[in-house]
Number of protein chains: 2
Amino acid sequence: MDVKTLCLAVLSQGEATGYEIKKAFEEGPFAHFQRASFGSIYPALSKLLAEGLAEAEAREQDGRPDKKVYRLTAAGRAAFHRAIGQEPEPDQLRSDVLFLLYFARELPKERVEALIDGYIASYRAQADRIEGCRAERAAAGAEIDPGKWLVSGFGVAVYRAAADYLASNRDALLRGLERPLEAAE
Amino acid sequence: MDVKTLCLAVLSQGEATGYEIKKAFEEGPFAHFQRASFGSIYPALSKLLAEGLAEAEAREQDGRPDKKVYRLTAAGRAAFHRAIGQEPEPDQLRSDVLFLLYFARELPKERVEALIDGYIASYRAQADRIEGCRAERAAAGAEIDPGKWLVSGFGVAVYRAAADYLASNRDALLRGLERPLEAAE
DNA sequence: CGCGATATATATCTATTCGATATAGGCCTT
DNA sequence: AAGGCCTATATCGAATAGATATATATCGCG
């Protein structure tokens, strides 16, 4: 999914500024499975304007420079529906922490300990964040969209599983590092 | 982690050609948490040569063009140890399938069904693949590196959790899609 | 026995994308 | 009142992905 499609998707949920689109990938509903940076969002929005898939309205603000609010056109909504007809590419995870832990033997034990403990905490925090959004949504009594519900639940389930696995294997890892060159029996 | 560091890491495990480095990210031990393409691996290897961190040896093959086998120098090993001293960046997952499932309501029910079933199957296949490598390693009776063991176990645990979550929420999703515009009560 | 598909192997090119940076006013905390 | 953070837009250079070109070998299938 290229950034143009990602912008179409965010705008399909309602009008937004470039900054707000960025936030949707940082702490919003897309945070745990897609990302995009300013350097790709702004060019993508320009292209959407040029192709007539979106329109922008400069909204005045007191003191601050104008906000530029983007909104999909009818052609934009059609383009979005074409885009979600495409075949998905395989998932990809990139984890520097797992990369470092893979080389745990080459690192000081205290660092390995700090890495794994921080990693567990960050997964727990992510799971809590998403669970908070879900509780809020459920409490509001609003209609629950089954797709969005499944996807946010996936985030919670996977992050919890990751944290639990790490928590229950942490000590074995650290113990394993204590006997540096012993052969397995 | 940039591709140069990734190449240093693979080469720290033994000499390899560019092609073999690519495979380490496709089906090798790094497959489930890092990736790199030819377009970044070959320029990275050239830079490593230029900086004296690696050396290459052209090995003749009958019929085929020469293989170019890369190997770390002492400086390369030192650079690798400096690199794994860096602070890791936060994990990032990119999943087109979750993106599509988020918009399940905008898709035909048969497609949602095919997407989720294929997704479950691919996670199960990944988990089986890694578990196979682990069983092989354990059966060989060789010394078990605790870092590598933890990281591969993480892959199995998380992939299984993902597949299980999807399998147990699949039917609820499809049922939810059947009553298109009913309000929750 | 040949056909196509797959695997080995290196390398480059273009378009995309990231991450850092520039700019600037307002708000909050110390 | 000073410094840091938040909102907000935008651009630039470097890194990267993905497609493509080239060449050969092997393997299964009819």
Cationic N near anionic O, under 4.0 Å, Lys47(B) to Asp2(B): no

Want to settle it: does Ser46(B) or Lys47(A) sit nearer the 5' end of DNA chain C, counting the closest nucleotide to each? Ser46(B)

When you measure from the side-chain N and O atoms of Lys68(A) to the phosphate of dT9(D), is any distance below 4.0 Å, counting only OP1 and OP2? no

Keeping to residues at least two apart or across chains, list the side chain to side chain donor-acceptor pair (under 3.5 Å) pairs with something in residues 70-81 of chain A. Glu15(A)-Arg71(A), Glu55(A)-Arg71(A), Glu57(A)-Arg71(A), His81(A)-Glu106(B)

Under the ring pair (Phe, Tyr, Trp, His ring centres under 6.0 Å) definition, can you give me all pairs with a residue in residues 110-139 of chain A, not counting sequence neighbours? Tyr119(A)-Tyr123(A), Tyr123(A)-Tyr159(A)

What are the residues of residues 1-21 of chain B, sorted by number, that bring a heavy atom to within less than 4.0 Å of DNA chain D? Asp2(B), Val3(B)

Among residues at least two apart in sequence or on other chains, which ones pass side chain to side chain contact (heavy atoms under 4.5 Å, CB included) with Ala16(A)? Leu11(A), Glu20(A), Ile21(A)

Can you measure from CD (Glu131(B)) to CZ (Arg160(B)) and round to the nearest 0.5 angstrom? 4.5 Å

Could you tell me the separation between the CG atom of Leu49(B) and the P atom of dT10(C), rounded to a whole number of Å? 12 Å

Contact list for residues 2-27 of chain A, test ring pair (Phe, Tyr, Trp, His ring centres under 6.0 Å), sequence neighbours left out: Phe25(A)-Phe30(A)

Just how far is it from atom OG of Ser37(A) to atom NZ of Lys22(A), taken to the nearest 0.5 Å? 6.5 Å

Could you state the atom-to-atom distance from NZ of Lys67(B) to C1' of dA11(C) in whole Å? 17 Å

With sequence neighbours left out, write down each residue that passes side chain to side chain contact (heavy atoms under 4.5 Å, CB included) with Ala44(A), or none if nothing qualifies. Val3(A), Lys4(A), Cys7(A)

Can you list everything that forms a side chain to side chain contact (heavy atoms under 4.5 Å, CB included) with Ser12(B)? Sequence neighbours excluded, please. Phe103(A), Leu72(B), Phe80(B)

Considering only heavy atoms, which members of residues 83-98 of chain A lie under 4.0 Å from some atom of DNA chain D? Glu89(A), Arg94(A)

When you check the gap from the basic side-chain N to the acidic O, do Arg94(B) and Glu89(A) get nearer than 4.0 Å? no

Let's see if you get this right: which residues in residues 33-40 of chain A place a heavy atom under 4.0 Å from DNA chain D? Phe38(A), Gly39(A)

Check the phosphate of dA10(D) against Tyr42(A), side-chain N and O only, distance under 4.0 Å to OP1 or OP2. Yes or no? no

To the nearest angstrom, the NZ-C1' distance between Lys23(A) and dT9(D) comes to 14 Å

Pro146(A): side chain to side chain contact (heavy atoms under 4.5 Å, CB included) partners, not counting sequence neighbours: Arg105(B), Leu173(B), Leu177(B)

Got a sec, which pairs hit salt bridge (Lys or Arg N to Asp or Glu O under 4.0 Å) with one end in residues 111-124 of chain A, sequence neighbours left out? Arg111(A)-Glu87(B), Glu113(A)-Arg170(A), Asp117(A)-Arg170(A), Arg124(A)-Asp164(A)

Under 4.0 Å between any heavy atoms, over every strand shown, what does Lys22(A) touch: base, sugar-phosphate, or nothing? Just pick one. nothing

Taking the axis from the first five pairs and the axis from the last five, what angle separates them in the helix from dC1(C)-dG30(D) to dT30(C)-dA1(D), rounded to 10 degrees? 50°

Between C1' on dA9(C) and CD1 on Ile41(B), what's the gap in Å once rounded to a whole number? 12 Å

One thing to verify: whether Lys23(A) and Glu27(A) come together as a salt bridge, which I'm taking to mean a side-chain N less than 4.0 angstrom from a carboxylate O. no

